[in-house]
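Working notes for the structure below.
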Amino acid sequence: MKKIIALLGIAVLSISCGKKEKTVSATANVSPEELLVIEGKALFESNRAACASCHKPNQKIIGPSIKEIVKVYEEQNGDMIAFLKKKAKPIVDPEQYSVMETNFAILKTMTDRELESLVAYMYSEK
Ligand code: HEC
């Protein structure tokens with residue numbers, strides 16, 4: 001019995017090791033910038049952040065499109081990280097700000113890296 005358990009243990013170990021290698025090799029030729037964009041896209045579209053339920057790349061739904069947001073930020077040299085940290089005023093559609101404001105509860109739980117990844121993803125869609 002002990003032998004079987006030990007064997008099972010080795011099998012599980014090698015399966016999980018195999019998985020790890022796959023992840024590493026899949027991301028090995030991705031630059032740090034690209035990795036940030038990939039992370040940001042996943043987070044943007046996740047249930048946790050839910051940004052994608054109101055923001056689509058090219059089309060206004062509940063919120064302005066990602067393209068529109070980035071365009072305004074580039075034109076006005078805005079600081080999107082500061083906005084997401086609630087340290088800067090809205091510059092895209094201030095009249096609708098109360099709708100966006102509900103998201104700060106979630107944004108407050110995010111690390112700097114996560115906020116940076118969201119911004120990197122949004123700029124990649126411009
Ligand atoms: C319930 C719908 C909704 C969700 C979910 C949502 N937004 Fe928004 N967002 C809006 C609306 C509406 C606006 C336009 C008002 C404004 O400009 O503040 C907006 C505006 C913005 C702006 C531009 C702010 C500015 O300067 O005017 C950014 C950046 C943004 N959202 C990012 C995000 C991110 C990142 C998430 C996910 C964490 C998210 N939004 C989730 C509705 C939403």
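Counting starts at 1 for both ligands and their atoms, following the listed order.
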Kindly compute the distance separating CG (Leu36) from CZ (Arg113), expressed to the nearest 0.5 Å.
4.5 Å
Does the side chain of His55 come within less than 4.5 Å of Ile61's, by heavy atoms?
no
Answer yes or no: does an N/O atom from Ile91 fall short of 3.5 Å to an N/O atom of ligand 1?
yes
Salt bridge present between Lys56 and Glu68 (N-O < 4.0 angstrom):
no
Tell me the contacting part of Leu107 for ligand 1: side chain, backbone, both, or neither, using a 4.0 Å heavy-atom threshold, strictly below.
side chain
Nearest to atom 26 (O) of ligand 1, what protein heavy atom do you find, and at what distance?
Tyr73 OH, 2.5 Å
If you count every protein N, O or S atom closer than 2.8 Å to atom 8 (Fe) of ligand 1, you should arrive at 2
Is Tyr97 touching ligand 1 with its side chain, its backbone, both, or neither, if touching means heavy atoms under 4.0 Å apart?
both
Under-4.0 Å salt bridge between Glu101 and Lys86
yes
May I ask you to test the Glu74-Tyr123 pair for a side-chain heavy-atom distance under 4.5 Å?
yes
For ligand 1, is there an atom lying under 4.0 Å from some heavy atom of Ile106?
no
Atoms of ligand 1, numbered as shown, that sit under 4.0 Å from any heavy atom of Ala50
5 (C)
Mind checking the CE-SG spacing from Met122 to Cys51? Nearest 0.5 Å is all I need.
7.5 Å
Quick check on contacts: which atoms of ligand 1 are under 4.0 angstrom from a heavy atom of Ala49?
37 (C), 38 (C)
Taking the side chain as every heavy atom from C-beta outward, state whether Gln76 and Lys71 have any atom pair closer than 4.5 Å.
no
State, yes or no, whether a side-chain contact exists between Lys87 and Ile81 at a heavy-atom distance under 4.5 Å.
no
Between Thr102 and ligand 1, does any nitrogen or oxygen pair lie at a separation below 3.5 Å?
no
Do the non-hydrogen side-chain atoms of Leu107 and Leu118 ever get within less than 4.5 Å of each other?
yes
Just to be sure I read this right, does ligand 1 sit under 4.0 Å from the backbone of Pro90, its side chain, both, or neither, counting only heavy atoms?
both
Counting C-beta onward and ignoring hydrogens, is there a side-chain heavy-atom pair between Met100 and Val92 closer than 4.5 Å?
no
Say whether Val92, considering both its backbone and side-chain N or O atoms, lies within less than 3.5 Å of an N or O atom on ligand 1.
yes
Return the closest protein heavy atom for atom 16 (C) of ligand 1 as residue, atom name and distance.
Asp93 O, 3.5 Å
The test is side chain to side chain contact (heavy atoms under 4.5 Å, CB included); show your working for Ser65 and Asn58 and say whether it passes.
CA-CA 5 Å; Ser65 71; Asn58 298 305; 5.6 Å; no
Identify, for atom 12 (C) of ligand 1, the protein heavy atom at the shortest distance, and state residue, atom and that distance.
Ile62 O, 3.6 Å
At a non-hydrogen distance cut-off of under 4.0 Å, which region of Met80 contacts ligand 1 (side chain, backbone, both, or neither)?
side chain
By the definition side-chain contact (heavy atoms from CB on, under 4.5 Å), identify the one residue from Val70, Val72, Ile69 that meets it with Pro64.
Ile69
